[in-house]
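In the text below, chain A, chain B and the rest are named by the order of the sequence lines, each starting its count at 1.
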Amino acid sequence: MIDIPKTYDPKEAEQSHYARWEERGYFSPEINKDPNAPVFSIAIPPPNVTGSLHMGHALQHTMMDVLTRYKRMSGFRALWLPGMDHAGISTQLMVTRQLKKEGLTRHDLGREKFQERVWLWKQEYGGQILKQIRREGASVDWSRERFTMDESLSRAVREAFVRLYDEGLIYRGNRIVNWCPNDQTVLSDLEVLREPQKGKLYYLRYPFKNGSGSITVATTRPETMLGDTAVAVNPSDDRYSEMIGQTLVLPIMNREIPIVADDFVESEFGTGAVKVTPAHDAADYEMGLRHKLEQIVVIDQFARMTEAAGADFAGLDRSKARDLVVEKFAELGLLEKVVDYEFSISKCERCKTVIEPLTSTQWFCRMEPLRDLALEKLRAAGKPRFVPQVPYEKVYSDWLENLRDWTISRQLWWGHQIPAWYTGDGRIIVARSREEAQQKAGTDELTQDPDVLDTWFSSALWPFSTLGWPDKSEDLKTFYPTSVLITARDIIFLWVSRMVMTGLKFMGREPFADVYVTGTVLDKHGQRMSKTKGNGIDPLEVFEKYGVDATRLTLASVGSTDTRWSERQVESYRNFANKIWNAARFCLLNSDGVESVANPFGGDRSALPLHDRWILSRLNKTARDVNAQLQEYDFHGVVQTLYHFFWDDFCDWYIELSKATMTAADESPERSIARARLISVLEQSLRLLHPFMPYLTEELWLKLPVTHAQLLHPAYAGAEPTIMLASYPQCDDSLVDEIAEAEMSRLTILISCVRNIRSEINVKPGDRISILIGEATPSVRAVYEANRDQIERLARISNLSIKAKLDAPKASVRAVLSGTGEVAVPLQGLVDFDQERARLTLKKDNLQKEATKLNTQLGNSDFVARAPAEKVSELRARADEIALHTVTLDQMIEAIK
RNA sequence: GCCCGCUUGGCUCAGUGGUAGAGCACUCGCUUCACACGCGAGGGGUCACUAGUUCGAAUCUAGUAGCGGGCACCA
């Protein structure tokens, strides 16, 4: 006897299969030997080298793995390419901290040594997430693992930079940027968070030069007034129109500044007059350009006041400077008032430091021409296709339409150093290498720009740089464009749109056909999980507690809508995994003799027992639905379909109906065939489930007494058996059998009805009862006759009478079978009549309510005239049924009075 | 401020122009020889609110409220 535990222990299966799959090369597309195989490819959204797995990853990876495994089993040359990005700022921060413990700064080491330290750090601490991806069961091709700092990807970065520069899409310029005083680098708009902030609004008076009073401006940042070079008012604001062009004397600084007119100013806000600090505010910067105002830098890169702010302020921190400015205004009698004010403030996404807008020379990428490529592609070809289309396509196109230039330089040492060199005479040479630069420059007296590129610049190239671009590699030809990108919605701008733009620019094709945007897993209160809130749930702990497969099912069923995390949900899928385990256990414990059955469902199909024809029909319809749902990325739907097929159809009915034959004591051909059929259906079910539950299904599938090699997809012929490479079941239309399904429903309705009666009148589960069936059409009666044993066994009946007429004793419980037929259970005085009468009366009342509703509808001539005839007759049939049922109930009530 | 999404039984969520669904929780009964992470039976919802379109609306339209999200140079 085979020894199989009663409860599924996920750990064992999770430990034993992954390494084997990987070693045998099952994750690589090369495993597919069919030269004409269609191609399916996914580039993983590269996680950050400093990061570790969170629920969002687990969710996306589950879906990517489901699709990859599904396509692989369907014979596709499937590639899911893994890797990481180098996370410039975060990684540099990690190593800087490490150095600090040793009492060192990066400047002590110098650039080169520092970079060596970062690589050492990466080797030791980086890429935790790669191990975690293995734990998830993700079937990524590790032989193609990439890192954005790999030489081949770095080459792609340089190539892209040079090409964009040569076309004038990359330029160097002095503009206002977002500066993080803590990280000491510029940031792009997308790396800046806006957070609500409680602060003050300061009303400051700026006197006129001619001594005729003052104008009042309102500001949240008084310290910036030291760099003011104008005050602006709206040209149509009557209060100020006469003052336009007049000169003010900036207090403290005693600088003469003009009053200018600008449409940007909102008359309703504050005093309607705005101080203008072109060097320290993005809007003021624009205004400064419009009015040719001087940019005076009063705050430096450490957020301290500069010499230009005056001797009293130079070197002061910006917050100290604020206090001092306010103090001085008060002393001068120029502080009109200070009011509480709530506004939003820009913060560094990573370190939450308040951003200092300042003018600085940086590298920028012009977005308009790239943006136009993406918008044209969307409008002309609908590419990429967003799933769900609403609202993401619009989110994407709206963003593209309002796009501003992208700051791509970063003042870091970790990343791709900008391939630009400066000559002694001030020329800029952009080239793929120093050698090329020297050639172009005609000199070797070159200094390379010290800055590196935004990490996202390299990520934007990911779908093709990972496949070998700029070389015209085989991989690039085969796997680009990728099939689908699966990601969270907050990455649409940061990554998706940039990949589309670079893909169209350099490859001439969008990098992926579809973009599937996942929902978000929220905490139980509906809040986003975040490190700062500390409300995150560690997927690894969930794996540990409930198993990877159950967690994957839970995550897959999240689909594209936000869902609150519910441990109960995982628990129910854990139970489902156990159900599968036990169904298999039952099959395996009763598997003697199945080897002798070559083709369990072979021969004349119409001669098969009803339940066999029925399960084949259900199985094939399930395969049809599942394939369709997977094509449509309906992850939630497909999980439901598989769950209900396996549990309701296979376990609750098919196994139960098979028991009569398959658990017979004596060995017989019938017994072996029944067992082989059960195993065949189980085997196919496991294949359907495999993309979602890789470990459990592999564990069980390999145990089944079937000829595994024959079940492999032809593209993998000759491979060592694994369910990973078995054919994904497709619907065989010839096995869809509506008659069998209709007949089967007659049986299940009857059995459920009898069970219901037993329960209602409190018959002990073990007791066998007599029942009578009548009033059924001859064909239905034939179904009952043919399945007499099954009915008796599953409804626990000792005496089953099937006749044309129902001749039940008066004191019987009778029930109308939905569709056709009546069933009666003689009571033989075993029931409390009062109780029974009450029960029947309640039942009758409920039926009356439904009848009233139906009759109203059927009495409506408009309905009868306009509704589809099918619908009308459906309701008529139901009304007739209720009428019949009511009569029966009346008779029953009468009989036990 | 603008745009978008969500609002279905106690909880988490499906769903569709035509008699309200699942899982969990709950009630009752079961150690029935795969499974108590189970088996059988059952109770429970005017599908946020209002108005409209329709023979018919939870499903379409408009508005209202609550929640959530995105965008924005309001000092």
Worksheet, complete the sentence: When pairs are called at under 3.5 Å and a stem needs at least three consecutive Watson-Crick or G-U pairs, the stems of RNA chain B are B:1-7 with B:65-71, B:10-13 with B:21-24, B:26-30 with B:38-42, B:48-52 with B:60-64
Worksheet item: What integer number of Å spans the P atoms of rU7(B) and rG15(B)?
Response: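 About 10 Å, rounded to a whole number of Å.
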Discussion item. Roughly how many Å apart are rG5(B) and rU64(B), using the P atom of each and rounding to a whole number?
Written reply: 15 Å
Tell me the interatomic distance from [X], atom [atom1], to [N], atom [atom2], rounded to whole angstroms.
X	N	atom1	atom2	value
Leu403(A)	rA72(B)	CG	P	10 Å
Asn756(A)	rC30(B)	CG	P	17 Å
Glu268(A)	rA75(B)	CD	P	14 Å

Any residue meeting salt bridge (charged side-chain N to carboxylate O under 4.0 Å, His left out) with [X], in chain and number order, not counting sequence neighbours:
X	value
Glu12(A)	none
Asp880(A)	none
Arg194(A)	none
Arg371(A)	none

At under 4.0 Å between heavy atoms, what does [X] touch on the DNA or RNA strands: base, sugar-phosphate, or nothing?
X	result
Val265(A)	base
Glu850(A)	base
Phe343(A)	sugar-phosphate
Arg574(A)	base
Ala282(A)	nothing
Tyr392(A)	nothing

Discussion item. Protein within reach of the bases, or only the backbone? For nucleotides 2-17 of chain B, mark each nucleotide 5' to 3' as B, S or -, using heavy atoms under 4.0 Å.
Written reply: -SS-------SSS---
Practice prompt. Please name all residues satisfying side chain to side chain donor-acceptor pair (under 3.5 Å) with Asp666(A), sequence neighbours left out, ordered by chain then number.
Written response: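 By the side chain to side chain donor-acceptor pair (under 3.5 Å) rule, Asp666(A) matches no residue at all.
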Worksheet entry | Partners passing side chain to side chain contact (heavy atoms under 4.5 Å, CB included) against Glu874(A) (at least two apart in sequence or in another chain) | Lys871(A)
Fill in: Non-neighbouring partners of Ser759(A) that pass side chain to side chain contact (heavy atoms under 4.5 Å, CB included), sequence neighbours left out
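With sequence neighbours excluded, Ser759(A) shows a side chain to side chain contact (heavy atoms under 4.5 Å, CB included) to no residue whatsoever.
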Practice prompt. Mind jotting down which residue pairs meet the salt bridge (charged side-chain N to carboxylate O under 4.0 Å, His left out) criterion with at least one end in residues 641-662 of chain A? Sequence neighbours excluded, please.
Written response: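 Every salt bridge (charged side-chain N to carboxylate O under 4.0 Å, His left out) pair that includes a residue of residues 641-662 of chain A, provided the two are not neighbours, is Arg618(A)-Asp649(A), Glu656(A)-Lys659(A).
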Discussion item. By the salt bridge (charged side-chain N to carboxylate O under 4.0 Å, His left out) test, which pairs, at least two apart or in different chains, include something from residues 515-525 of chain A?
Written reply: none
Tabulate atom names and distances for all N/O pairs under 3.5 angstrom spanning the protein and nucleotides 31-35 of chain B.
residue, atom, partner, partner atom, Å
rA34(B), O3', Arg585(A), NH1, 3.0
rA34(B), O2', Asn582(A), OD1, 2.6
rA34(B), O2', Arg585(A), NH1, 2.9
rA34(B), N7, Lys659(A), NZ, 3.3
rA34(B), N6, Glu656(A), OE2, 3.1
rA34(B), N3, Asn582(A), O, 3.1
rA34(B), N3, Ala583(A), N, 3.3
rC35(B), OP1, Lys6(A), NZ, 3.4
rC35(B), O4', Asn582(A), OD1, 2.9
rC35(B), O2', Asn578(A), ND2, 3.3
rC35(B), O2, Lys579(A), NZ, 3.1
rC35(B), N3, Lys579(A), NZ, 2.8

Worksheet item: Quick one: do the Tyr573(A) and Asp549(A) side chains pair a donor with an acceptor below 3.5 Å?
Response: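 Result is no, nothing qualifies.
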Worksheet entry | Side-chain H-bond candidate by donor/acceptor type, Tyr8(A) with Glu699(A), under 3.5 Å |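 Not at all, the side chains of Tyr8(A) and Glu699(A) share no donor-acceptor pair under 3.5 Å.
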Worksheet entry | Nearest-nucleotide comparison on RNA chain B, the residue closer to the 5′ end among Ser344(A) and Arg878(A) |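 Residue closer to the 5' terminus by nearest nucleotide: Arg878(A).
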